[in-house]
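The next block holds one structure in the form of structure tokens; read it before the comments.
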Amino acid sequence: MLTVFAALVPVFLLIVLGYALRRLLLKQNIEWVGLEQLVYYVLFPALLVDTLARANLASVPIAGVGGALLLSVILMSALCLALRPLLARAIGLDGPAFTSLFQGATRWQTFVALSVAGNLWGDLGITLASVAMVAMIPLLNILAVWVLAHYASPQRMAWPALLLTIAKNPLIWACVIGLAINLVGLPVPKPAHEFLDALGRCSLAMGLLIVGAGLQLEGLHRPGMAAALTVVLKLAVMPLIAMGLGIAFGLSGANLAVVVCCASVPSASNGYILARQMGGDAPLLAQILTIQTTLAVLTMPIFIALAE
């Protein structure tokens with residue numbers, strides 16, 4: 001458990017640095033919006049393409065790791081949808097707020113997962129995290145866009161517009177391109193690899209800084225019911241679901257630990273960008289992300305140690 005905690009320290013130091021930079025140096029919101037767009041459309045897609053194209057997928061249990069995480073996402077999504085009418089009656093949860101609960105409970109902070117997996121398990125951890133990307137990123141982006149289009153807007157988005165929004169997602173295309181290069185066996189020229197690798201390494205540090213910059217500590221000591229429930233779903237229920245499914249798929253050791261690592265990270269910061277663009281409750285999601293990121297430094301070591 002101490003080893004896991006030590007691997008998390010540099011990750012959360014970058015998040016703390018991002019928080020400090022937002023308050024002391026880069027104070028204008030427009031500066032961080034530009035960095036978010038750079039990471040979302042350029043740096044992170046480059047990391048996905050390069051990692052998936054070079055991953056030795058034959059050396060890891062793709063079906064077990066991918067299947068456990070894919071089913072975890074589906075089960076958590078179904079649980080959130082089942083809870084919606086109950087929460088609407090019990091606490092008056094409206095459509096935009098539900099979309100923030102859904103994103104907060106299902107999405108994963110890939111920057112944190114990759115950093116921790118790489119620190120703890122080296123190349124094996126990166127390869128296993130690559131399998132997690134293929135299993136989770138396309139499905140999660142499709143589900144998030146559908147839920148926002150269905151519940152956040154007073155007028156439901158037509159299917160052609162919804163499909164176009166999904167088709168324009170750069171992370172889905174990056175997964176498709178990287179996986180296609182890997183499966184076809186297309187050689188990546190060294191200059192192209194070095195170019196993508198440089199962009200990808202930038203994305204991890206930059207992404208963690210952006211996570212920190214987006215933290216909002218106001219109201220952190222007294223979260224609302226929706227925020228508290230989302231934190232429990234993401235940081236406790238989701239890792240337990242993933243661990244149970246991983247064991248059912250016959251996973252153990254590093255394979256199971258990476259599955260739990262990917263399931264126990266905080267929700268994705270780019271969900272906040274999506275909420276702002278599609279009418280979700282962005283302030284609620286910002287509060288959820290802040291609480292999750294703060295508590296994950298305590299919960300992640302526990303679940304990863306249990307998995308190992």
Side-chain angles (χ1 to χ4, degrees), residues 4 8 11-12 15 68-84 86-87 91 93 97-117 129 132-133 135-137 139-141 143-144 147-148 207-208 211-212 214-216 219-220 223-246 257-275 280-307:
V4 177
L8 283 167
V11 173
F12 284 93
I15 293 174
L69 289 170
L70 188 69
L71 286 176
S72 298
V73 170
I74 293 172
L75 289 176
M76 180 56 71
S77 300
L79 176 60
C80 290
L81 291 169
L83 288 174
R84 185 187 179 278
L86 299 176
L87 295 173
I91 62 174
L93 190 74
F98 170 72
T99 65
S100 293
L101 181 148
F102 183 89
Q103 287 207 89
T106 58
R107 296 177 72 103
W108 66 312
Q109 183 52 264
T110 318
F111 303 117
V112 176
L114 275 172
S115 298
V116 174
M133 291 179 196
M136 298 172 73
I137 288 177
L139 177 61
L140 281 171
N141 279 278
L143 289 172
V147 166
L148 279 158
L208 293 171
V211 172
L215 297 183
Q216 298 184 8
L220 187 63
M225 182 64 71
L229 175 60
T230 308
V231 171
V232 172
L233 289 174
K234 185 67 187 74
L235 298 187
V237 178
M238 186 74 161
L240 289 173
I241 291 174
M243 187 183 304
L245 289 170
V258 171
V259 165
V260 173
C261 172
C262 292
S264 63
V265 293
S267 185
S269 56
N270 54 23
Y272 177 77
I273 304 172
L274 193 61
D281 191 336
L284 173 59
L285 187 55
Q287 184 185 46
I288 290 169
L289 291 171
T290 301
I291 300 172
Q292 286 184 355
T293 304
T294 305
L295 294 180
V297 71
L298 302 175
T299 58
M300 284 185 66
I302 294 173
F303 285 106
I304 294 174
L306 285 174

Scan the side chains in residues 236-243 for donor-acceptor partners under 3.5 Å anywhere in the protein, sequence neighbours excluded, and list what turns up.
none

Heavy-atom closest pair, residues [X] and [Y]:
| X | Y | answer |
| --- | --- | --- |
| L114 | A129 | CD2-CB, 3.6 Å |
| L69 | A132 | CD1-CB, 3.4 Å |
| L298 | P301 | O-CD, 3.5 Å |

Quick check: do [X] and [Y] have side-chain heavy atoms less than 4.5 Å from each other?
| X | Y | answer |
| --- | --- | --- |
| V260 | L306 | no |
| F98 | L83 | no |
| L75 | L245 | yes |
| I137 | W108 | yes |
| T106 | L143 | no |

side-chain contact (heavy atoms from CB on, under 4.5 Å) partners of [X], counting only residues at least two apart:
| X | result |
| --- | --- |
| L229 | L87, L101, L233 |
| A144 | Q103, R107, L274 |
| A296 | F12, L235, P266, T299, M300 |
| S115 | V11, L204, L208 |

Could you give me the CA-CA distance, side-chain angles and deciding distance for M136 and L70, then say whether side-chain contact (heavy atoms from CB on, under 4.5 Å) is met? CA-CA 6 Å; M136 298 172 73; L70 188 69; over 6 Å; no
Test item: [X] side-chain N/O and [Y] main-chain N/O as donor-acceptor pair under 3.5 Å:
| X | Y | answer |
| --- | --- | --- |
| K234 | L289 | no |
| S264 | C261 | yes |
| Q292 | G104 | yes |

Output the distance between atom [atom1] ([X]) and atom [atom2] ([Y]), rounded to the nearest 0.5 Å.
| X | Y | atom1 | atom2 | value |
| --- | --- | --- | --- | --- |
| L140 | M76 | CG | CE | 11.5 Å |
| Q287 | S100 | CD | OG | 10.5 Å |
| T99 | L284 | OG1 | CG | 8.5 Å |

Under the side chain to side chain donor-acceptor pair (under 3.5 Å) test, which residues partner D281, sequence neighbours left out? none
Ring pair (Phe, Tyr, Trp, His ring centres under 6.0 Å) partners of F303, counting only residues at least two apart: none
